[in-house]
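Here the structure is laid out as structure tokens; the discussion comes afterwards.
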Protein chains: 2
Amino acid sequence: MPKRVDHDERRHRIAEALWRIASERGLDGASLRDVAAEAGISLGQLQHYFRTKDDMLVFALGHISELAARRIGARVGSLAGDPSPRTLLRETLAEMLPLDDKSRTGQLVQIAYFVRAVHDERLRRHAKEGIPALREFFAAQIRRAKEGGDVAADRDPDTEAMLLISLVDGLTGYVLLDVLPGEEALRLVDAHLDRLFT
Amino acid sequence: MPKRVDHDERRHRIAEALWRIASERGLDGASLRDVAAEAGISLGQLQHYFRTKDDMLVFALGHISELAARRIGARVGSLAGDPSPRTLLRETLAEMLPLDDKSRTGQLVQIAYFVRAVHDERLRRHAKEGIPALREFFAAQIRRAKEGGDVAADRDPDTEAMLLISLVDGLTGYVLLDVLPGEEALRLVDAHLDRLFT
DNA sequence: GCTATCGCAATACAACTGACCTGTAAACGA
DNA sequence: TCGTTTACAGGTCAGTTGTATTGCGATAGC
């Protein structure tokens, strides 16, 4: 066996270079040569790890979704004691908004993928696959809150869950466009939660 | 003076050809040659009407926003009698969702522009300019409803207006991704309105 | 009829794109 | 030591991109 290299580690490095470019210029502005230069490697090396550009895009999308999920998990996991459903929801929603530079970059990349996904079957499957789990997690919290009497009995958890997801996504767009400051978006989320919880 | 031609009419024709391509392949998939072919004209003629590609994009964005506003205006204007604030809001929101093929195309193009706008100062100005007016229109309806006792007194019209806009935008994304069917999105809007109006 | 101007076609061009294809060095097992 | 496999650098290629240039026909005022 010849020289051994951690393939996954290299691929992650390349994906992160791709994000840096995509968050500045969009996915279509990221050529293989640009990504290679940003990662500090040659075009040949990049192609050694990703046979086609499409492979690279799909891998990078999977990686960024994974990181976002882990970030949310870490934030929720670090909550003290036994957090209420409302707290869980609020912290998750807040982590989904582009409030700091890192998550702003992440959201910019996600949006870039979203646009491609609308026209690209393969990316669409990836983009859609996380939604049901998130929706179910939200619905479960609302169900718990209903049992505790914190949410009115006539609210449908699944409906409210999808409303929350859609709201955050819409707000995200406006924060990225600088129509809303981040704190204002968070205030709007809280206002919505005020109505959901009694 | 030589032959006179209606420049604006030609430009509109070209813009519409651009939309057809952009809604299928995205804005970056629309080269000048593609657009010219779709419009049934030569590349030379297209360049005669738009000196640069950027000029074409900016013009087409202005045109599509104008058409969307006109569509909403027509729908709202055709409401019988003296429509209630809730009816006005619901019909406007419904028209903003991509429920039929035409508005789906329109939304796909808007999204394509949105992504560019995040990175492009000139487009961002255009993309943002319609929001305040829409927000104020929504807020005005909610204010009217509060006076009529149809919305609780402690609701802030401006907050609720922005929540509505963001919600529809988030839902639009998921409809375009085929995560939600159109009717489901409309049902979610109605559910949200049920909570806003007493 | 002359000519300036407009409308448009055709072509050219330099830059860039992703995919592919070599050549080579290094590491390991036999 | 040899052969095989992996890691990478560099170059090539055909195709596409936006823009610039040139030329020519039609039309209107003089």
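In what follows, chains are A, B, ... by sequence order, proteins preceding strands, each numbered from 1. This structure is a prediction, so every number in the text was calculated from the model and none was measured.
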In plain terms, say whether B:Arg13 and B:Glu16 are close enough for a salt bridge, that is, a side-chain N and a carboxylate O under 4.0 Å apart. no

Does a nitrogen or oxygen in the side chain of A:Gln45 sit under 4.0 Å from OP1 or OP2 of D:dA7? no

Respond yes when some side-chain nitrogen or oxygen of B:Arg10 is under 4.0 Å from OP1 or OP2 of C:dC8, and no when none is. yes

For A:Arg51 and D:dA7, what is the distance between atoms CZ and C1' respectively, to the nearest whole Å? 17 Å

For A:Arg195, is there an ion pair with A:Glu160 - N to carboxylate O distance below 4.0 angstrom? no

Short side-chain N/O contact from B:His7 to OP1 or OP2 of C:dG7, under 4.0 Å: yes

Roughly how many Å is it from CD1 in B:Ile41 to P in C:dC8, rounded to a whole number? 8 Å

Does a side-chain N-to-carboxylate-O contact under 4.0 Å join B:Glu121 and B:Arg125? yes

Using a cut-off of 4.0 Å between protein heavy atoms and nucleotide atoms, how would you tag nucleotides 11-17 of chain C 5' to 3' with B, S and -? ------B

A:Arg86 and A:Asp194 ion-paired at < 4.0 Å: yes

Which ones in residues 109-124 of chain A lie close to DNA chain D, meaning a heavy atom under 4.0 Å from one of its atoms? none

To the nearest Å, how far apart are A:His48 NE2 and D:dA7 C1'? 5 Å

Do side-chain atoms of A:Glu95 reach the backbone of A:Ala69 as a donor and acceptor pair under 3.5 angstrom? no

State which of D:dA7, C:dA9, D:dT19 makes the closest approach to the side chain of B:Thr52. D:dT19

Name all pairs fulfilling the salt bridge (charged side-chain N to carboxylate O under 4.0 Å, His left out) condition that reach into residues 144-153 of chain A, sequence neighbours left out, sorted by first residue then second. none

Whole angstrom value for the distance that separates C1' of D:dG18 from CG of B:Leu57: 12 Å

How are the rings of B:His192 and A:His192 set to each other: parallel, tilted or perpendicular (split at 30° and 60°)? parallel

B:Arg124 (side chain) donor-acceptor with B:His119 (main chain) under 3.5 angstrom: no

Does a side-chain N-to-carboxylate-O contact under 4.0 Å join B:Asp55 and B:Arg122? yes

